[in-house]
Structure formats: C-alpha cells, structure tokens
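Data block below; observations after.
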Amino acid sequence: LMGRNAGFIAAGAAVASQEANFVLVPEVAFPLEGEDGFLAALEKRVVQRGHAVVIAAEGAGQHLFEATGERDASGNVRYVDIGVDSHWWCQRFARDCRGAGSAGGDSFGQFFDALLGTGLDREPAGVYAEVIDAVNTTESYTVAIDIPSGLNADTGVALGRAVVADLTVTFIGSKRGLFTADGPDYTGDVWFDELETPDSVRDSEVDSGILIQEEVILENLPPRLLNSHKGSYGWMLVTGSEVGMSGAVRLCGEAGLRSGAGKVTIATRPDHAGLVNIGCPELMVRGAERAAQVAELLEAADVVVTGTGLGQTNWSEDMLRASLDAPAPIVVDADGLNLLARHYPELKNPPHGRWILTPHPAEAGRLLGCSARDVQADRVSAALEIARRYQAVCVLKGCGTVIADRDGAYAICPLGNPGMATAGSGDVLSGVIGAMLAQGLEPWEAALTGVVAHASAGDLAAERLALDPAIALCAGCMRGR
C-alpha cells in the first residue's frame, strides 16, 4: 500500500507542471515497515525520470539511503535528517523559500506538504507557521498529502494559517473538512484513493457521512412515465412575502415549477398578489390578509414551503403558524426560521419528522441560541444539533452545504460556487427542495436531491454565462438559459 501511495502522489507530480523537482516535507519519517515500499515506488516513478527530490524527515538516516538501493549515487535524491534539530531545519527551509531563484524554494517545481496531519486541533505556531507562510509565498505547485497543513480535518476551519494547495491527495476516507467551511479555499483539486481499505473499516466509523454528487438526482428521480399528468407530480403551496418582498415567493414558486412540481400556488399579501406571476403565468396566486383565507389550500396541498420573504409582523406569525399546522411535509426558510427560533417552545404540535429547515449560518445560530461564528466553527455538528433539537432534516447552507437528519446521518455537498452567494439564491433552493417533496420524495432524499440540483445548476450557469454570476446566476437558472 505504501508503494501504491507513493505512486499516487508521484502521479500528481507528473501532471502538475513540467518542472517536477520537488521537496517532500513529512512530519516524521515513514514507518519502518512501510518506508521501503514507499521509497522504492518514489524512486521508480520520479527519480528514474530525472527529477530531483529532497526528502526532509525526522530519522531520515542511513537506513533510508539503503532502502532505495543506492546512496544517492544519481545525485537526484537528497535526504535531510531533521530529527537532530527539526526547528533549525524548518527555519532554514522557510528562509530558503523566501529566497529567489536557485537560492530558494522556487527552484523546485513541486512542494509536497505532509508537515502536519489530520489530528491538528490548534493553530500552527513557531517555525511550522513560518514554513507554511513560506510555502504559500512560492510559485511552486503545492500538493498536500491527506490534508493541507493547518486545516482542521473535521470542521474544515483553517486554524489561523494553512497551506494553500493546488492539489490535495487524500487516502482511505475523504476528510469532511476538505469540502466545507474554509476547506475548498485551501485544497485545490481533491484526489482520493481508498488504498484497498476493506469496507468493514469504513463502515466501523460511526461519525462518517456521505459526500453527495450529481448521481443522486437520477437515483432519486426516476424517468417519468408517459402516462402521467400534472397531478402525478404534486401540488406545492408557497406562503410568504410581506409587503416589499414579493420577489421571494416568485423565485421560490418558479423554482418549484422548473424543478418538477406539477403545479404551484402562492399565498401572499394582497398588495402585490397581482404582480407575482407576471412573466410566469403558470404560477397561481392567492392574496390573503389572514391565514384563515387560505385554510383550504393548506389542507389540500401536497407540500408547503414557508418563510421566504415572510417578514416578522403579525401577518407573518399568523401565516407561519397556519403553515406549520398543515398536514403536508413542510420546508421552512428565511424569516420562517427566525420566527421559529422565537416561538418554537410555544408550538403545540410541531411537524416533527416531516419538515426541512434550511438556515444560513446566522439563522442557524438563532435556532441554536449561539452566534454565526460558532456555527461556522463546526458546521457538521451545528447541523446535526438543529436536526436533533427540532426533529427535522436540516440543510445548513454555505460553502459545502451540510444536510443532517434527526437520526444522526449527515451529508456534504461539494458543488456550487461563490456566484450563488446572492439575494434570492436561498429562495430558489427552498423551491427546488419543495418540488422534490411534491414529487413524492421523503424529507431526507428531497433535501439531498434538491441541494445537489441547485448547486449543479449554479455551476452550469456560472460556466455558461462566462461572467461574474453574482446577479445573473439566479436569472440564468430561472430562465433556463
């Protein structure tokens, strides 16, 4: 396995750049039982191609030379034992990296970062911090082994400073910190190799989750039958949009239609009810001064989406309480969540087990009684706690959206892009998820499928528009361009 490991790492070097000389910086020397295979594979795949390698490791002594079958006779491999004075070596390395040309790190085409591992739980300090800063200032292609040094493997939080890699090669299991919070800004591309790890080993990890991809859409939404009609795909009711926020229900409703709901009705303030479906006549709109005026809709709909543009007025509270009393599955977003955080203890019969909550970090903080910073410090734990406390499926939006269920299951979506960080994107997501429920998916499957569909659409829009998608993204998706 060590040999295969080395081959996988060397493959990264081969494709990274034409200058493949590199420095490998592990925290400690390779285990004695594995180093022979690693070094033999390293030499076969890299050194024999004429690339120069510096291996700096604690304990890199005589036995490491012998493991390769030669004492660096080719002149292509140099071993540095930093066990005697590792701090001196790190200081020297950092100083050389800051040098120019042949005097420093830029003379190497690659840096392989294995300085700090997955167990890191505090900010790198001293010379280790200095080395990380030095690596980040070079123009060399940087490959992180397992995880960029300085990144927390569980939370994805950069602990003060972290190596900014061009490629991360990770093994056995994909570390969740690579895909959420700060992780994607530090990993570059991510390559994974299970190293022939038995399924029983991965299954024994009680805290493991799911890294969801586009395939989940086809898995959960089978091809439609020819003998079907709009009633076959569900009726979605959207309640929301106080005066001045009519766009929220429009975005949500149209997203529901475009995501497959058979029909969509919007219950909103009479002040703008006549304007909401201009440009989208497929939407049905009902103006309501009181929730009692849409009681029959709440009773008949297959799914209710509430909270988008809802506001926090008396009308808002009335509409939210009526929506939560509906017998159908429910999606709660935006101001619906803010109101829920205040009034949840007062609810006599919360829709436990059949609702999906879709907070961004600030809303999640209100649901938990903490700050958005606390939520971002451990996104997976925050989402799991919301799901447990409210007996719901939680969709914690943000970089690496986290989906958590009340039974402790969780998933991370690695898709999406910064162009989706714009007003209205969350309204669209709630409509997409609502459409998944309308088509018969259970809350967990609906949340997974809706999040992936939304993120994938955002990626397609950003690619096709070929411009800053900050405003155009939602419009491009909604109009099907």
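Every value quoted in this text rests on a predicted model; they were computed, and no experiment measured them.
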- Message: Could you work out, with side chain to side chain contact (heavy atoms under 4.5 Å, CB included) as the rule, every residue matching Cys280, not counting sequence neighbours?
- Response: Arg250, Glu254, Leu257, Glu282, Leu283

- Query: Hey, are Asp133 and Arg161 close enough for a salt bridge, meaning a charged N less than 4.0 Å from a carboxylate O?
  - Reply: yes

- Message: If I take atom CZ from residue Arg321 and atom OG from residue Ser316, how far apart are they, to the nearest 0.5 angstrom?
- Response: 12.0 Å

- Keeping to residues at least two apart or across chains, list the ring-ring contact (aromatic ring centres under 6.0 Å, His included) pairs with something in residues 380-431. Tyr344-Tyr390

- Message: Is it the case that the side chains of Gln312 and Asp335 hold a donor-acceptor pair, with the cut-off being a distance below 3.5 Å and no angle test?
- Response: yes

- Item | Heavy-atom pair of closest approach, residues Pro124 and Gly150 | CG-CA, 3.8 Å

- Could you give all pairs that pass the ring-ring contact (aromatic ring centres under 6.0 Å, His included) test and reach residues 268-287, with sequence neighbours left out? none

- Item | Short side-chain to backbone donor-acceptor contact, Thr358 and Leu429, under 3.5 Å | no

- Query: Taking atom OG1 of Thr268 and atom CG of Leu310, what is their separation to the nearest 0.5 Å?
  - Reply: 9.0 Å

- Message: salt bridge (Lys or Arg N to Asp or Glu O under 4.0 Å) for Lys263 and Asp302? Distances and angles first, verdict last.
- Response: CA-CA 10 Å; Lys263 57 180 181 177; Asp302 295 307; over 6 Å; no

- Indicate yes or no: does Arg464 engage Asp459 in a salt bridge with an N to O separation below 4.0 Å. no

- Note on the structure: Residue set satisfying side chain to side chain donor-acceptor pair (under 3.5 Å) with Ser174, at least two apart, ordered chain then number -> none

- Does any non-hydrogen side-chain atom of Val305 lie less than 4.5 Å from one of Asp333? no

- Message: Would the distance check show the side chain of Gln376 and the main-chain N or O of Ser371 forming a donor-acceptor pair, the cut-off being under 3.5 Å?
- Response: no

- Item | Thr422 and Ser425: side chain donor to acceptor below 3.5 Å | no

- Just jot down the salt bridge (Lys or Arg N to Asp or Glu O under 4.0 Å) partners of Glu442, sequence neighbours excluded, or say none. none

- In Å and rounded to the nearest 0.5 Å, what is the CG to CZ distance from Leu384 to Arg389? 12.5 Å

- Without hydrogens or angle criteria, can the side chains of Thr449 and Asn220 be said to hold a donor-acceptor pair below 3.5 Å? yes

- Message: Tell me if a side-chain donor or acceptor on Thr308 pairs with a main-chain N or O of Cys252 at a distance below 3.5 Å.
- Response: no

- Query: Which pair of non-hydrogen atoms, one from Ala462 and one from Asn417, has the smallest distance, and what is that distance?
  - Reply: CB-ND2, 3.8 Å

- Message: Closer than 3.5 angstrom, by distance alone: can the side chain of Glu363 be matched with the main-chain N or O of His360 as a donor-acceptor pair?
- Response: yes

- Note on the structure: Sequence neighbours excluded, the answer for salt bridge (Lys or Arg N to Asp or Glu O under 4.0 Å) partners of Asp146 is Lys175

- Item | Leu368 CG to Glu385 CD distance, which is reported to the nearest 0.5 Å | 6.0 Å

- Message: Side chains of Thr239 and Ser323: any donor to acceptor distance under 3.5 Å?
- Response: yes

- side chain to side chain donor-acceptor pair (under 3.5 Å) partners for Thr180, two or more places apart: Arg379

- Does Phe179 reach the side chain of Val190, with side-chain heavy atoms less than 4.5 Å apart? yes

- Item | side chain to side chain contact (heavy atoms under 4.5 Å, CB included) partners of Ala326, counting only residues at least two apart | Leu298, Val304

- Any donor-acceptor N/O pair, Gln293 side chain to Glu289 backbone, under 3.5 Å: yes

- So, for Cys394 and Ala387, which heavy atoms are closest and what is the spacing to 0.1 Å? CB-N, 4.2 Å

- Query: Ignoring hydrogens and geometry, is there a side-chain-to-backbone donor-acceptor pair from Ser456 to Ala453 under 3.5 Å?
  - Reply: no

- Could you tell me whether the side chain of His343 and the main chain of Glu346 form a donor-acceptor pair under 3.5 Å? no

- Could you tell me whether a side-chain N or O of Arg406 sits under 3.5 Å from a main-chain N or O of Val393, the two making a donor and an acceptor? no

- Got a donor-acceptor contact below 3.5 angstrom from the Thr401 side chain to the Gly398 backbone? yes

- Backbone N/O of Met245 and side chain of Ser241: donor-acceptor pair under 3.5 Å: yes

- Message: Checking Ser381 now: which residues fulfil side chain to side chain contact (heavy atoms under 4.5 Å, CB included) with it, not counting sequence neighbours?
- Response: Asp378

- Item | With sequence neighbours excluded, residues passing side chain to side chain donor-acceptor pair (under 3.5 Å) with Trp235 | Thr265

- Separation between CD1 of Ile412 and CG of Leu211, rounded to the nearest 0.5 Å: 7.0 Å

- Task: Tell me yes or no: between the side chains of Arg224 and Gln439, is some donor less than 3.5 Å from an acceptor?
- Result: yes

- Message: Once rounded to the nearest 0.5 Å, what's the spacing between atom CZ of Arg176 and atom CG of Asn152?
- Response: 9.0 Å

- Query: Between Thr306 and Val331, is any pair of side-chain heavy atoms under 4.5 Å apart?
  - Reply: no

- Among all residues two or more places apart in sequence or in another chain, which pass the side chain to side chain contact (heavy atoms under 4.5 Å, CB included) test with Asn136? Ile132, Val163, Val164

- Item | Test side chain to side chain donor-acceptor pair (under 3.5 Å) applied to Arg366 - qualifying residues, sequence neighbours left out | Asn338

- Message: Side chains of Ser149 and Asp113: any donor to acceptor distance under 3.5 Å?
- Response: yes

